[in-house]
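Contents: one structure, followed by commentary.
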There are 2 protein chains.
Amino acid sequence: MTIEQLNNDESRVIILKAVADAMRLKIIRMLYYHGGEMNCGEIGEQLNIQKSTVSYHFRTLREAGLTTTRKIGQNKYVKLRLDTFATYLPGFLDTL
Amino acid sequence: MTIEQLNNDESRVIILKAVADAMRLKIIRMLYYHGGEMNCGEIGEQLNIQKSTVSYHFRTLREAGLTTTRKIGQNKYVKLRLDTFATYLPGFLDTL
DNA sequence: AAACTAGTTCTATGACAATCGAACAATTAA
DNA sequence: TTAATTGTTCGATTGTCATAGAACTAGTTT
C-alpha cells in the first residue's frame, strides 16, 4: 500500500504526521541543506538515537512518500522527494 | 504558554501536529473556503461528532496559533490566522 | 569461513492523542 | 426564575506513536 493509492485526505494526514515530529524535521532539514543523497548512517550519527529508531523514522518518511531510498552494497542512500513536498507542502522546505 | 514563546522546532511540531488530523483538516478547509468567521456550532454540525470533541479540536487549533476566537453572547466565532499559515505552511491552504 | 558493518524487524513499554458522556458555566428565551 | 442553548472541562477508554534492545539479514573484509 503506497501513499498514492489513498484518497486525498488520508495521504495528506499521513504526510503531515510524518513531518510532525522533531527528529524527522531534523532529518528533513539535514537532507535539504545537504542537497543530494545522504547515507543513513551519516544522518543517524548526528541524531544520538538507536539505529532501530533511526530506521523507524526513515521508514515513516519513505511510506509517506517524502523520501526515496537507494541501496548500494551495504549502504543505503536517502533523498527527499521534492515533488511530494511541492504538491502537499509547497514552500515548506524553505521555511526550515 | 502560547506558541510564540517556544523555540522554532517546538512550535513547528505543535503546528504540524495540529494540522495532521483528518477532522481538523476538515475544519480548516471549511473555514478557508467560507472566507470569514464561522460559528463553532455551524462547523460542528457538519462533522458528526460530539460537541466535546469539537471543542477539543478547536482548542488544539487555537493553542497551535492557527485560529483566533471571538465570543459574542453565547456564540463563539472562529477564524483562521492566515499569518501563521503563511509563516509555517506557506501555500498549504491553497492545496486543500 | 569467521568476524565485522549497515540496516531491518520484532516485541515491549511509556507517553500522548482522539473520542465520548456527564457535569458544569454562561448567556438567552419563555 | 426556570428552560433551553452554546460551549468548556473532566474522567475514562481506546488507540497510536516514539523509543529501545535483541535477534536477524545482507553485504564486506580478513
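Computed from a prediction, not measured in an experiment: that's the story for all the values here. Each chain gets a letter, A, B and so on, in the order its sequence line appears, and its residues count up from 1.
In this structure, the CG atom of L47(A) is 11 Å from the P atom of dA20(D), given to the nearest Å. Rounded to a whole Å, the CZ atom of F58(B) is 14 Å from the P atom of dT9(D). For M23(A) and dA15(C), the CE to C1' distance is 15 Å, given to the nearest whole Å. Note: CD1 (I49(A)) to P (dG7(C)) measures 13 Å, nearest angstrom. For the pair K26(A) NZ and dT19(D) C1', the interatomic distance rounds to 14 Å; values are reported in whole Å. Counting to the nearest Å, the C1' atom of dG7(C) and the CG atom of L61(A) are 16 Å from each other. K76(A) has its NZ atom 16 Å from the P atom of dT25(D), to the nearest Å. For the pair Y77(B) OH and dT6(D) P, the computed distance is 10 Å after rounding to whole Å.
When distances are taken from the side chain of T53(B) to each of dC20(C), dG7(D), dT9(D), the shortest belongs to dC20(C).
The side chain of S55(B) places an N or O atom within less than 4.0 Å of a non-bridging phosphate oxygen (OP1 or OP2) of dT8(D). Close to dG7(C), at under 4.0 Å from its OP1 or OP2, lies no side-chain N or O of R59(A). Residue H57(A) places at least one side-chain N or O closer than 4.0 Å to OP1 or OP2 of dT19(D).
Counting non-hydrogen atoms under 4.0 angstrom, Y56(B) reaches a base of the nucleic acid.
Side chain Q74(A) to base dT28(D): no donor-acceptor pair is found below 3.5 Å.
Between V54(A) and I43(A), every side-chain heavy-atom pair lies at or beyond the 4.5 Å cut-off. No side-chain heavy atom of V19(B) sits less than 4.5 Å from a side-chain heavy atom of Y88(B). Contact check for Y32(B) versus D94(B): side-chain heavy atoms found under the 4.5 Å cut-off. For the pair T95(A)/R12(B), a side-chain contact is recorded, criterion being any heavy-atom separation below 4.5 Å from C-beta on.
Between S52(B) and N48(A), the residue anchored nearer the 5' end of DNA chain D, judged by the nucleotide with its closest heavy atom, is S52(B). Of the residues near DNA chain D, K51(B) and Q50(A), the one whose nearest nucleotide (by heavy atom distance) lies more toward the 5' end is K51(B). Looking at which nucleotide of DNA chain C each of K17(A) and N39(A) is closest to, the 5′-most match is held by N39(A).
Across the strands present, dC20(C) finds its partner in dG11(D); the criterion is a Watson-Crick or G-U wobble pair with both atom distances under 3.5 angstrom. The partner of dA3(D) cannot be assigned: no Watson-Crick or G-U wobble pair with both contacts below 3.5 Å exists in any strand.
Under a 3.5 Å cut-off, the side chain of R29(A) and the backbone N or O of L96(A) do not form any donor-acceptor pair.
Nucleotide dA3(C) is shown with an anti base, its glycosidic torsion being more than 90° from 0.
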